[in-house]
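Below is one structure, written out as structure tokens; comments come after it.
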Amino acid sequence: MTQNPPRDERDFYERIYTLVEQVPWGKVATYGDIATLIGEEGCDARVVGHALGAMGARSATIPWQRIINRTGGISLTGHGQRERLEAEGVAFDEKGNAKLDAHHWGGPSEEWAREHGFKTLPRPADKPASAQLTLF
DNA sequence: GTGATGACGATAT
DNA sequence: TATATCGCCATCA
């Protein structure tokens with residue numbers, strides 16, 4: 001208890017997996033978003049990435065490919081992540097970055113989140129009126 | 001128990 | 001806008 005949170009070690013990862021499974025087809029989420037949805041203090045974008053890298057055999061039932069970094073890029077190039085996302089209809093830029101503006105997941109339903117003890121994103125897609133004029 | 005690493009994020013320049 | 005640096009927290013050696 002001195003520095004051991006009440007959460008179970010592996011159960012913490014299971015929560016991340018459960019949340020990743022909620023990402024609908026054709027949608028993508030960022031590590032930071034997953035961390036925010038978990039709501040735990042010890043949940044950061046980096047931890048989410050490690051959790052996904054520790055799922056092992058579960059990777060066959062978890063849409064880990066829909067989880068990308070904040071810049072929309074994929075760090076695991078070589079595992080066919082981008083290829084799978086494209087098969088789902090996710091578009092990529094010339095730089096290899098997914099179009100988060102068009103496929104960003106706004107998080108699960110509040111009802112589902114409360115039912116499972118998750119939180120919702122503070123702002124699914126805030127668009128400041130001073131930085132979206134050249135979107136197209 | 002300490003140090004180093006990592007499928008990242010945000011801010012500063 | 002793009003690049004560089006720092007920070008965050010958990011896990012492994």
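Computed from a predicted model, the values in this text were never measured in an experiment. In what follows, chains are A, B, ... by sequence order, proteins preceding strands, each numbered from 1.
- In this entry the distance linking CD1 of A/Ile16 with C1' of C/dC9 reads 11 Å, nearest Å.
- Taking atom CG of A/Leu52 as the reference point, atom P of B/dA7 lies 11 Å away to the nearest angstrom.
- In this structure, A/Leu85 places its CG atom 13 Å from C1' of B/dA7, rounding to the nearest Å.
- At a threshold of 4.0 Å, the pair A/Arg84-A/Glu88 does not count as salt-bridged, since none of the basic side-chain nitrogens sits closer than that to a carboxylate oxygen.
- For A/His50 and C/dA13, the NE2 to P distance is 12 Å, given to the nearest whole Å.
- No more than 12 heavy atoms of other residues, nucleotides or ligands lie within 6.0 Å of NZ in A/Lys119, so this atom counts as exposed by the packing criterion.
- For A/Arg70, whose side chain is taken as the heavy atoms from C-beta onward, the closest listed nucleotide among B/dA7, B/dG6, B/dA10 is B/dA10.
- Residue A/Gln81 has its side chain nearest to B/dA7 when only C/dA2, B/dA7, B/dC8 are considered.
- Among the heavy atoms of the strands lying under 4.0 Å from A/Gly53 is at least one base atom, whether or not backbone atoms are also near.
- Checking A/Val47 against A/Ile68, the closest nucleotide of DNA chain B that is more toward the 5' end is the one next to A/Val47.
- Here A/Arg58 pairs with A/Glu14 in a salt bridge; the nearest charged N to carboxylate O distance falls below 4.0 Å.
- A donor and an acceptor atom sit less than 3.5 Å apart, one in the side chain of A/Arg46 and one in the base of C/dC8.
- With rounding to whole Å, A/Asp93 atom CG is found 15 Å from C/dA2 atom C1'.
- Whole-Å rounding puts the A/Asp33 CG to B/dA7 P distance at 19 Å.
- Considering only the side chain of A/Asp44, C/dC9 comes nearest among C/dC9, B/dA7, B/dG6.
- Aromatic ring orientation, A/Tyr13 versus A/Tyr17: perpendicular (interplanar angle above 60°, classes split at 30° and 60°).
- Phosphate contact (OP1/OP2 of B/dC8, side-chain N/O of A/Thr30, threshold under 4.0 Å): absent.
- For A/Tyr13, taking side-chain heavy atoms from C-beta onward, the closest of the listed nucleotides B/dA7, B/dG9, C/dT11 is C/dT11.
- Rounded to an integer number of Å, the gap from A/Asn69 CG to C/dC8 P is 20 Å.
- In this structure, the CZ atom of A/Arg15 is 14 Å from the P atom of C/dA10, given to the nearest Å.
- A/Asn69 places a side-chain N or O within donor-acceptor distance of the main-chain N or O of A/Gly72, the cut-off being under 3.5 Å.
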